[in-house]
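Taking it in order: structure first as C-alpha cells, then the write-up.
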Amino acid sequence: MPRPADAADPTDSRASAASPLPRRAFLRGAGVVMALPYLDSLPAWGATARDAAAAAPAAPPKRFVVQFMGTGINPNHWWAKGAGKTMELSRSLQPLEPFRDQLNVINGLFNKPSTGVGIHPGMTGNILSGAPLTRGAVLHGGISVDQVLAGRIGQDTPQPSLVLACEQPLTGYHETNFSMAYSSHISWQSADSPVPCEVYPSLAFDGLFENSGSRRLESVLDRVAEDAASLRRRLGRDDRAKLEEYLTSVREVEKRAQRMRGDLTKAADRAKDRGKPLIAMKRPDDGLPEDIREHMRLMCDIVALAIQTDKTRVASMLMCRDLSGLFYPFLGVRDAHHPASHNDTSDDYERITRHYITQLAYLAGRLQAMPEGEGTVLDNTCLLWLSNMFSGSRHDNSTLPVLTVGGLGGTLETGRVLNYRDKGDENRKLCSLYLSLMDRMDVRLDRFGDADARLAGF
C-alpha cells in the first residue's frame, strides 16, 4: 500500500526530528501495514505535516460497537437499582460493577416488527434495523444501524466496519418459513444482504494488519521491527511507553491467532479429504476453538486493537447466534445454549447469561485501559449489548435486555437505570434508541426502521 502523500516516512533517514509526523501513524513491512494508536508526540489529530503546527487538536473520534447474545437472558437476575458508582446490580450484571458510572441499563424497549411473527429468525434478523422481514426464499429486511454509521463515517478509517462472529451461520429454513440467515446475522449492508461475518480469529487478525502475501505466516511484528525502531527514536517518553504497551499487546494477540491459524489449516485439509465444505464441519473440526472462552476473548481483543488504532470506528460481534449450539462445560452446564434457554430461570442459564456480560466487561476494560486525550478510549465509545428476547422459555420479545457502556465523547449521560415499560409502545421503540445514538455520532436521520422520534430521556 502506498504511503499517503502528506505522511512523513518514519524510516526515511532524511527526516529530521523537527519534521512532524501525522498523529495517524503506520508501521510497514513486507506484506503488512500496522496502524498505531494516536500518539501525543505527533501533530494534531488528522493534521498533515504541512499544517500540523497551525492546527488545534480535534476531539477524539467516537466509536460504536455491538455485542449480541441470542435467545435471551435469565429474567430473574436481570435488574439494576440506583445510579452511578453506587448502582446495585443483579447477579448476571455484576461483571459490570467496575463500569457502573459508565453504564446504562435500559428496560422496556422492544422491536415491534419482530413481535408476533413467530420465534427465532423473525426475532433476530432485524434486531439492528427495525425492518419487517420477508419469509421464504428471498431475503428482505433493512440496513442495520452499524452499517448506516459505517456508510456515513467509514470513509474516515481504513475499514468502514468490522463484523465478527463466534459461531458459524446456519443454513436452510426455520419452521416459521424464515431463512436461518436471519438467525445468523445481525449486520446487514442492504435490505437483502447481510455483511459476511468473520468467524476465524486468525483471518480477522490478518485483516486488521492487512497481512497478506507469501510471508503471511511470519510475525507481523518481526516484519515491522525496523520501522518501529525508527519511529521509537522520534517519540517522547510517554509515547514510547504507549507504543511498547501496544506492541506487546499485538504480540500476545498474534501468538494466540497463530495457534488458531494452524487449527484452521488442518480443518481445511480434513474438509477437503471428506469432500465437505468447511462450514459444514462441527466445532472443533471446522478449525474453531473448542473452548469458546478463548475464541470470544480473542475476538474482543481484535476489536479493541481495531478501535485503538482507528482501523475502524464501527464493529459488531455476534457472540452467539439465535438457535445457538454452543456448549459451556467450563460453567458446569450440560445443555447447549438453545436448549438451555428453554429453562432460562435456572442457575445454569444464569451462569450462561453472566458469561456473556463478562465478555462485555472485558471489552470495556480493554478500552478503559487505553489513554486517549484527557480520558480513555472507552470514554469516546458506545458499547451496545442486547439480545433478541427477554425470556427464551416463553420466546418473549415484548421487551428486550439492553445495555450501553461508554460516554461517546461526553455526549451520552451514563450511570443510569432507565425504564420504558409503562411509556406506551410508541415511546419504547428500539429504533428510537438507535436514532438517539446516531445523533450523538453526528449522523442525523429523520427516521430509522419503525421510529421517527428519538428515545425520550435518553
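Every value quoted in this text rests on a predicted model; they were computed, and no experiment measured them. Only this structure's heavy atoms are used, side chains among them; waters, hydrogens and symmetry mates stay out.
Judged by distance alone, the side chains of Ser391 and Ser393 do bring a donor and an acceptor atom under 3.5 Å apart. Side chain to side chain, Ser114 and Asn397 meet the donor-acceptor criterion of an N or O pair below 3.5 Å. Gln102 and Asp379 are linked by a side-chain donor-acceptor pair at a separation below 3.5 angstrom, with hydrogens and angles left out of the test. There is no side-chain donor-acceptor pair under 3.5 Å between Asn343 and Tyr349. No side-chain donor from either of Ser202 and Gln258 sits under 3.5 Å from a side-chain acceptor of the other. Side-chain contact annotation: Asn388 with Thr124, donor-acceptor N/O pair under 3.5 Å present.
Cation-pi check for Arg313 over Phe64 is not met; the charged atom does not lie both under 6.0 angstrom from the ring centroid and within 45 degrees of its normal. Tyr328 does not carry Arg351 over the face of its six-membered ring by the limits of under 6.0 Å from the centre and within 45° of the normal. For the pair Arg416 and Phe458, the cation-pi test (distance below 6.0 Å, angle within 45°) is passed.
Remark: Glu245 CD is loosely packed, at most 12 non-hydrogen atoms of other residues, nucleotides or ligands lying under 6.0 Å away. Summarising the local packing, NZ of Lys242 is surrounded by more than 12 heavy atoms from other residues, nucleotides or ligands at distances under 6.0 Å. Residue Glu290 qualifies as open at atom CD: its count of foreign heavy atoms under 6.0 Å is 12 or below.
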Step-by-step side chain to side chain donor-acceptor pair (under 3.5 Å) determination, Asp322 to Tyr182: CA-CA 9 Å; Asp322 186 39; Tyr182 293 131; over 6 Å; no
What verdict does the side chain to side chain contact (heavy atoms under 4.5 Å, CB included) test give for Met299 and Gln359, after you've listed the backbone C-alpha separation in whole Å, the side-chain angles of each residue and the deciding distance to 0.1 Å? CA-CA 10 Å; Met299 288 305 215; Gln359 309 315 306; over 6 Å; no
Yes or no on side chain to side chain donor-acceptor pair (under 3.5 Å) for Asn76 and Arg91, after CA distance, side-chain angles and deciding distance? CA-CA 9 Å; Asn76 291 343; Arg91 184 193 306 175; over 6 Å; no
If you apply the rule side chain to side chain contact (heavy atoms under 4.5 Å, CB included), what do you find for Val417 with Lys81, and how did you get there? CA-CA 7 Å; Val417 179; Lys81 302 175 184 177; 5.9 Å; no
Could you go through Arg421 and Asn107, starting from their C-alpha distance and side-chain angles, then the distance that decides it, and tell me whether this counts as side chain to side chain contact (heavy atoms under 4.5 Å, CB included)? CA-CA 7 Å; Arg421 287 193 176 99; Asn107 300 316; 3.6 Å; yes
Apply side chain to side chain contact (heavy atoms under 4.5 Å, CB included) to the pair Thr71 and His120, showing each step before the final yes or no. CA-CA 8 Å; Thr71 64; His120 293 301; 4.0 Å; yes
Would you please test Tyr38 and Asp310 for side chain to side chain donor-acceptor pair (under 3.5 Å) and show each step? CA-CA 8 Å; Tyr38 289 107; Asp310 212 29; 2.7 Å; yes
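Shown here for Gly325 and Glu167, the closest heavy-atom pair between the two residues is N-OE2, 2.8 Å. Closest approach of Gln155 to Gly151, counting heavy atoms only: OE1-O, 3.8 Å. Here the closest heavy-atom approach between residue Cys300 and residue Met319 is recorded as SG-CE, 4.2 Å. Of all heavy-atom pairs spanning Arg440 and Lys62, the tightest one is O-NZ, 2.7 Å. The heavy-atom pair separating Tyr246 from Met34 by the smallest distance is OH-CG, 3.6 Å. Closest approach of Leu323 to Arg321, counting heavy atoms only: O-NH1, 2.7 Å.
The pair Arg334-Asp348 does not count as a salt bridge, with every side-chain nitrogen at least 4.0 angstrom from each carboxylate oxygen. Look at Arg63 and Glu372 and you find a salt bridge, because one of the NZ, NE, NH1 or NH2 atoms lies within 4.0 Å of a carboxylate O, short of that distance. Between Arg274 and Asp269 there is no salt bridge, since no side-chain nitrogen of the basic residue lies less than 4.0 Å from a carboxylate oxygen of the acidic one. Under a 4.0 Å N-O distance rule, the pair Arg366/Asp301 qualifies as a salt bridge. The pair Lys429-Glu426 counts as a salt bridge, with a side-chain nitrogen and a carboxylate oxygen less than 4.0 angstrom apart. Ion pairing between Asp206 and Arg261 holds under the 4.0 Å rule for side-chain N and carboxylate O.
Within the 3.5 Å criterion, the main-chain N or O of Pro95 finds no donor-acceptor partner in the side chain of Thr358. Not one N or O on the side chain of Thr115 forms a donor-acceptor pair closer than 3.5 Å with the backbone of Asn111. For the pair Arg428 (side chain) and Gly108 (backbone), a donor-acceptor distance under 3.5 Å is present. Remark: side-chain polar atoms of Asp439 are not paired, donor with acceptor, to backbone N or O of Arg444 under 3.5 angstrom. Judged by distance alone, the side chain of Asp396 and the main-chain N or O of Gly392 form no donor-acceptor pair under 3.5 Å. For the pair Gln67 (side chain) and Leu360 (backbone), a donor-acceptor distance under 3.5 Å is present. Between the side chain of Arg215 and the backbone N or O of Gly31 there is no donor-acceptor pair closer than 3.5 Å. Side-chain atoms of Ser193 do not come within 3.5 Å of backbone N or O of Ser190 as any donor-acceptor pair. Checking side-chain atoms of Ser219 against main-chain N and O of Asp222 turns up a donor-acceptor pair under 3.5 Å. In this structure, the side chain of His185 does not engage the main chain of Ser187 through any donor-acceptor pair within 3.5 Å.
Atom CG of Asp347 is separated from atom CG of Asn74 by 8.0 Å, given to the nearest 0.5 angstrom. Taken to the nearest 0.5 Å, the OG atom of Ser184 stands 4.0 Å off from the CG atom of Leu170. The CZ atom of Phe448 lies 5.5 Å from the SG atom of Cys431; values are rounded to the nearest 0.5 Å. Of the inter-residue distances, the one linking Phe178 atom CZ with Met123 atom CE reads 10.0 Å to the nearest 0.5 angstrom. Separating the CD1 atom in Ile186 from the CE atom in Met317 is a distance of 10.0 Å, to the nearest 0.5 Å. Rounded to the nearest 0.5 Å, atoms SG (Cys166) and CZ (Phe68) are 12.5 Å apart.
You'll find the side chain of Arg251 stays beyond 4.5 Å of the side chain of Thr248, heavy atoms only. Counting only heavy atoms from C-beta outward, the side chains of Leu96 and Trp385 never approach each other to under 4.5 Å. At a threshold of 4.5 Å between non-hydrogen side-chain atoms, the residues Arg100 and Leu89 count as touching.
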Just list the side-chain donor-acceptor pairs under 3.5 Å for residues 403-412, sequence neighbours left out, or say none.
unit_1, atom_1, unit_2, atom_2, d
Thr404, OG1, Asn104, ND2, 3.3
Thr411, OG1, Leu408, O, 2.7

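Residues satisfying the side chain to side chain donor-acceptor pair (under 3.5 Å) criterion with Arg354, sequence neighbours excluded, are Glu350. Evaluation of the ring pair (Phe, Tyr, Trp, His ring centres under 6.0 Å) rule for His77 yields no partner, not counting sequence neighbours.
Between His395 and His342, a ring centre-to-centre spacing shorter than 6.0 Å is recorded. Under the 6.0 Å cut-off for aromatic ring centres, Phe330 and His355 qualify, their centroids lying closer than that.
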